[in-house]
S.K.: 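I am attaching a structure below and will ask some questions about it afterwards.
From a predicted model like this one, the values you see are computed outputs, not experimental measurements. Both backbone and side-chain heavy atoms feed into the values below; hydrogens, waters and symmetry mates do not.
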Amino acid sequence: MSTEAINKPVFRDLQADDADPEITEISSLCFNCGEDGMTRLLLTKIPFYKEIILMSFECDHCGLKNNEVQSGDKIQEKGALIQVSITSTKDLNRQVIKSDYATVKIPEIEFEIPPQSKRGEITTIEGILSKCIAGLEQDQPARRALDPDSAEKIDAFIQVLKDTKRCEKPFTIVIDDPSGNSYVENLNAPLVDPALTTTHYERNKEQNHLVGIYEEELKEIKEEEEEEQEETQAENDESHDTLADEVLHFGTNCPSCNAPCETNMKLTSIPYFKEVIIMATNCDACGHRTNEVKSGSGINEKGVKITLRITDLIDLSRDVLKSETCSLSIPELDFEVGAGTLGGKFTTLEGLLVAMKDQLSGQNPLMCGDSATSTLKEQMKHFNLKLDDIISGKSLGSRIILDDPAGNSYLQNVYAPEDDPEMEIVYYERTFEDNEELGLNDMKLEDYSENE
């Protein structure tokens, strides 16, 4: 296999002039006649949405044809629980990306759409209700003839759904997606939407099985990781003194196109802070670059909140370490991004703001492309202009706030070891909700033998 073929992305953009779209052909059994047919697979992606697998089957013996589309999107590390308060007809127009594994609930009317009962789709809140009404009405004529009582009850519930669709009363729609691949549009984007709440959670055993992850596989992966750790532990112990001067390399897949690439990893020490692990990936296939930072010392006893007032252009050159548990806000723009949005980053303040802008402008499936409304595009344009003023130093006096419950974030003090007059650092006790997000409430640190 040539180097050029290896470096091509696994999921590629569809192009009319692509001479080699890399269609995979597999001889497979025809369920209609029992002879061998041909299945063709094409791996591609929908811009601003996700990767998909196009499948086409054709049997030359009996003429049977079948086409199907399956999601090629990866399962996220955590599930997503999305709650939206619907109070007006405007909320009904929120765009929704619902994966195959998502459960949709409306608690006020005790209504639920179970997972895998319908294909993943791009729709709206109103579209979800309309499809449910159409599905229930479809077989009503036959039910009225065979089972009038059941048909009458279903008619009554259909009327409840129609009243809900007209938004006669406020209601809540809950989307629980263990795969983490569902989204609901933020009508106030890029600002915080008070009616929209998204919570990420660790999957339980049943949810892992639902998305195709089984304990045996996890156990094998864990055992392999433990073996690798044991094999390298002795080397790490011996070379710890020189590890800070060494760059480690290991193979991985590009997070953008999934092509094989290499990740570089290095242990470094930040002055007046702690040791961190920096990982950088550069993909030769699609040109995607990413860097991520992990703390080398676990979770601190207290959370930290860092507030910096930008008074000079040089402030944008300060080094900043934003951990994956840290949220970022700019009060002057009424803007906030939650923990995990940008992952862990070690860069400058300017670099962090530029990365945040790029993610808002180019990677959100509901803020870009044909699905974005003209109003939203205008809001994003206005917000980007304000953010550009901060990045270029035209808007001095703005505050940047980093809030990290794990205490693993850092902003350079240019006056060190003296106090920085423009920066405030506050250490605080974590709340129960903070500990829940970090997984600390389920940890047992003493009396391990109890309740076994």
S.K.: OG/Ser329 to CZ/Phe335 distance, rounded to the nearest 0.5 angstrom?
M.R.: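 One gets 9.5 Å once the value is rounded to the nearest 0.5 Å.
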S.K.: Is the number of heavy atoms from other residues, nucleotides or ligands within 6.0 Å of NE2 (His382) greater than 12?
M.R.: no
S.K.: State, yes or no, whether a side-chain contact exists between Asn181 and Gln76 at a heavy-atom distance under 4.5 Å.
M.R.: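 Counting from C-beta outward, Asn181 and Gln76 do come under 4.5 Å.
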S.K.: Taking CD in Glu152 as the centre, count heavy atoms belonging to other residues, nucleotides or ligands within less than 6.0 Å. Is the count above 12?
M.R.: no
S.K.: For Arg430 and Ala406, work out which heavy atoms get closest and say how close.
M.R.: NH1-CA, 4.2 Å
S.K.: Kindly indicate whether the side chain of Leu321, heavy atoms from C-beta on, has any atom under 4.5 Å from the side chain of Ser409.
M.R.: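 The answer is no, as the side chains (C-beta and beyond) never meet within the 4.5 Å cut-off.
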S.K.: Where do Leu333 and Ile390 land on the side chain to side chain contact (heavy atoms under 4.5 Å, CB included) test, with the steps shown first?
M.R.: CA-CA 10 Å; Leu333 299 184; Ile390 295 178; 3.9 Å; yes
S.K.: Start with the C-alpha distance between Tyr410 and Phe346, add both sets of side-chain angles, then the distance that settles ring-ring contact (aromatic ring centres under 6.0 Å, His included), and finish with yes or no.
M.R.: CA-CA 9 Å; Tyr410 161 84; Phe346 184 38; 7.6 Å; no
S.K.: Going by an N to O cut-off under 4.0 Å, is there a salt bridge joining Asp404 and Lys322?
M.R.: no
S.K.: For the residue pair Phe250 and Met265, what are the closest heavy atoms and their distance?
M.R.: CE2-CB, 4.0 Å
S.K.: Are the side chains of Leu402 and Val320 in contact, using a 4.5 Å heavy-atom criterion?
M.R.: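 Contact flag for Val320/Leu402 side chains = yes.
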S.K.: Quiz question: by atom type and distance under 3.5 Å, do the side chains of Thr431 and Asn435 form a donor-acceptor pair?
M.R.: no
S.K.: Using 0.5 Å steps for rounding, measure from the SG atom of Cys326 to the CG atom of Asp403.
M.R.: 7.0 Å
S.K.: Where do Glu185 and Asn93 come nearest, in terms of heavy atoms and distance?
M.R.: OE1-O, 3.9 Å
S.K.: For the residue pair Thr290 and Thr281, confirm or rule out a side-chain donor-acceptor distance under 3.5 Å.
M.R.: no
S.K.: Do the side chain of Asp147 and the main chain of Arg143 share a donor and acceptor less than 3.5 angstrom apart?
M.R.: no
S.K.: Would a 4.5 Å heavy-atom cut-off, applied to side chains only, mark Cys33 and Cys59 as touching?
M.R.: yes
S.K.: Any salt bridge (Lys or Arg N to Asp or Glu O under 4.0 Å) involving residues 169-182? Give me the pairs, sequence neighbours left out, ordered by first then second residue.
M.R.: none
S.K.: Take Glu58 and Leu64, measure what side chain to side chain contact (heavy atoms under 4.5 Å, CB included) needs, and give me the verdict at the end.
M.R.: CA-CA 6 Å; Glu58 184 174 357; Leu64 179 69; over 6 Å; no
S.K.: What's the separation between atom CD in Glu35 and atom SG in Cys62, rounded to the nearest 0.5 Å?
M.R.: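 Going from CD on Glu35 over to SG on Cys62, the span is 8.5 Å.
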S.K.: Which pairs with one or both residues in residues 108-117 pass side-chain hydrogen bond (donor to acceptor under 3.5 Å, both in side chains), sequence neighbours excluded?
M.R.: Glu108-Thr172
S.K.: Measure across Ile106 and Phe171 and return the closest heavy-atom pair with its distance rounded to 0.1 Å.
M.R.: CG2-CD1, 3.8 Å
S.K.: If you define the side chain from C-beta out and look only at heavy atoms, does anything of Leu54 sit under 4.5 Å from Leu41?
M.R.: no
S.K.: Taking the side chain as C-beta and beyond, is there a heavy-atom pair between Leu353 and Ile400 under 4.5 Å?
M.R.: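 Result yes, sub-4.5 Å side-chain heavy-atom pair found.
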S.K.: How long is the gap from CZ on Arg40 to CZ on Phe57, to the nearest 0.5 Å?
M.R.: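 So the gap between those two atoms works out to 10.5 Å.
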S.K.: Looking at Arg144, I'd like to know if its CZ atom is crowded, meaning that more than 12 non-hydrogen atoms belonging to other residues, nucleotides or ligands lie closer than 6.0 Å.
M.R.: yes
S.K.: Just by distance, no angles: are the side chains of Gln159 and Asp155 close enough, under 3.5 Å, to form a donor-acceptor pair?
M.R.: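 Side-chain D/A pair, Gln159 to Asp155: absent.
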S.K.: If you measure from OG1 on Thr252 to CG on Asn264, what distance do you get to the nearest 0.5 Å?
M.R.: 11.5 Å
S.K.: Using a strict threshold of under 4.0 Å (side-chain N to carboxylate O), is an ion pair present between Arg94 and Asp193?
M.R.: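 Judged by the 4.0 Å cut-off on N to carboxylate O distance, Asp193 and Arg94 do form a salt bridge.
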S.K.: Give the C-alpha distance, both sets of side-chain angles, the deciding distance and a yes or no for side chain to side chain contact (heavy atoms under 4.5 Å, CB included) between Leu92 and Thr124.
M.R.: CA-CA 7 Å; Leu92 294 173; Thr124 62; over 6 Å; no
S.K.: Could you measure the distance from the OG atom of Ser179 to the CD atom of Gln207? Nearest 0.5 Å is fine.
M.R.: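 Rounded to the nearest 0.5 Å, the OG-CD separation comes to 10.5 Å.
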S.K.: Going by atom types alone, do Lys131 and Thr123 pair a side-chain donor with an acceptor below 3.5 Å?
M.R.: no
S.K.: Between Ile125 and Val96, which heavy-atom pair has the shortest distance, and what is it?
M.R.: CD1-CG2, 3.6 Å
S.K.: Indicate yes or no: does Lys162 engage Glu137 in a salt bridge with an N to O separation below 4.0 Å.
M.R.: yes
S.K.: Do the side chains of Ile330 and Ile401 get nearer than 4.5 Å, heavy atoms only?
M.R.: no
S.K.: Counting only heavy atoms not in Glu25, do more than 12 fall under 6.0 Å of its CD?
M.R.: yes
S.K.: With a 4.5 Å cut-off on side-chain heavy atoms, are Met38 and Ile26 touching?
M.R.: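 Not in contact.
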S.K.: For Leu42 and Ile53, run side chain to side chain contact (heavy atoms under 4.5 Å, CB included): C-alpha distance rounded to whole Å, both residues' side-chain angles, the deciding distance at 0.1 Å, then the answer.
M.R.: CA-CA 6 Å; Leu42 175 63; Ile53 302 172; over 6 Å; no
S.K.: Using every non-hydrogen atom in the two residues, find where Cys167 and Ser88 come nearest and quote the distance to one decimal.
M.R.: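 Looking at all heavy atoms of both residues, the shortest contact is SG-N, 3.5 Å.
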